[in-house]
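On a predicted model such as this, the values are computed, not experimentally measured, just so you know.
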Amino acid sequence: KLKRESGLSKRKHYTSDMGCTCSTHSDVNAPRAPAGSAPEAPPATPPWQCAYCGGDGLSPYEEPGCDKPCPGCKGRGSFTGETITLQKAASSLVKDISALHFVLREPRPQEELDEALVHCATEEKVKVLVKAGANVQAGFSQALENVFFGHGPALQLNFFLDNGATIGKAELMTFELAVDSCTVDAPAVHHRRQALATARDIFTQVLNVCVEDASGDSWAIAVHSVEGDIVAKLKDFPASLTMRELKEDIKAQASIPCCCQVLVLGHQKKIDTQETLLCKSLREVESLTNEAYSELVLAAEAPETAV
């Protein structure tokens, strides 16, 4: 009787599969549902708001007053455990990373993981997917193509590099192809040029050019990376050839695209994309004083769209 009156009868508590705290007994003082009504089940998961429409379900790309549904959430305004997918959870559609953890409760196919990795909007989501088994190198290669051809943010590339991806010959070739495809001066490629200019710092390789023997007309040259490794050796390079031709010879040996090479002579002279320096011979550039070099750089056309 005391137990009934005080409501302190023994109960067992447990956590359901849905993450809810449940009891084997209900409180005697709790209000009861009307007879014959179905019990109200707790939601499977909390809804995740659609970042595109802010939860109102209307397209953010339409004029005010337009009732066209949001293309991201199909007018629902949010995603539930039934409507969320791995790709949506990884993308910018959903900001809350708990949605990604929810989808990854069960193992996912490798192809699906790799595809979701390309759509990652934050580095935190990249880390979660890589931990789940996504191939970070394959994702990086696909993201490169998307960025270079105007279908993704260049900032995304750093997410992959910071989580284990590397830049090899295949990635450098992709960059070179993207640069070559933007040589035409057309409005359609302006956006792609901007993306390439933003991503260029990731692919730039500073190379120290050391003239080992300049006794004759053909010089012996060693090209080192910033880490000190030899990436190319040119034994009989004619000093009369231009810096552009020197870059081509380095590319032939080291597979580094010319557009990615920043050559440094004498720790002072940098030859990047300046046309005034690329058209000069190696002998001319080598003989330039630091003052004359600085004047040439200042006089060079500003490479606003050059990559």
- Query: With no hydrogens and no angle check, do the side chains of Gln87 and Thr85 hold a donor and an acceptor under 3.5 Å apart?
  - Reply: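 Note: Gln87 and Thr85 side chains miss the donor-acceptor criterion.
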- Query: Does a donor on one side chain sit under 3.5 Å from an acceptor on the other, for Ser141 and Glu171?
  - Reply: yes
Taking side-chain hydrogen bond (donor to acceptor under 3.5 Å, both in side chains) as the test, write out the residues that go with [X], two or more places apart.
X	value
Asn146	Gln142
Glu124	none
Glu112	Arg108
Glu291	none

Please report the closest heavy-atom contact between [X] and [Y], naming both atoms and the distance.
X	Y	result
Ser281	Glu284	N-OE1, 2.9 Å
Phe175	Cys259	CE2-SG, 3.6 Å
Leu117	Val130	CD1-CG2, 4.3 Å

Who passes salt bridge (charged side-chain N to carboxylate O under 4.0 Å, His left out) against [X], sequence neighbours left out?
X	result
Asp114	none
Lys251	Glu176
Lys68	Glu62
Arg244	Glu275

- Item | Selection residues 210-223 - residue pairs positive for salt bridge (charged side-chain N to carboxylate O under 4.0 Å, His left out), sequence neighbours left out |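 Only Glu212-Lys233, Asp217-Arg283 qualify under salt bridge (charged side-chain N to carboxylate O under 4.0 Å, His left out).
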- Note on the structure: The complete set of side-chain hydrogen bond (donor to acceptor under 3.5 Å, both in side chains) pairs with one or both residues in residues 252-261, sequence neighbours excluded, reads none
- Sequence neighbours excluded, every pair satisfying ring-ring contact (aromatic ring centres under 6.0 Å, His included) that has a member inside residues 212-266: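 Passing the test, one end in residues 212-266: no pairs.
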Enumerate, atom names and distances included, each donor-acceptor pair closer than 3.5 Å involving a side-chain atom of residues 157-166, sequence neighbours excluded.
residue: Asn163; atom: ND2; partner: Glu123; partner atom: OE2; Å: 3.4
residue: Asn163; atom: ND2; partner: Phe159; partner atom: O; Å: 2.7
residue: Thr166; atom: OG1; partner: Gln137; partner atom: OE1; Å: 3.4

- Task: Please examine the side chains of Met243 and Leu263, heavy atoms only from C-beta on, and report whether any two atoms are closer than 4.5 Å.
- Result: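 Sidechains of Met243 and Leu263: in contact.
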- Query: Does some side-chain heavy atom of Val103 sit less than 4.5 Å from a side-chain heavy atom of Ile84?
  - Reply: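 Yes, close enough: below the 4.5 Å cut-off.
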- Task: Going by the side-chain contact (heavy atoms from CB on, under 4.5 Å) test, name the single residue among Cys73, Ser59, Pro71 that passes it with Cys53.
- Result: Cys73
- Query: Think Arg200 forms a cation-pi with Phe203, using NZ or CZ under 6.0 Å from the six-ring centre and within 45 degrees of its axis?
  - Reply: no
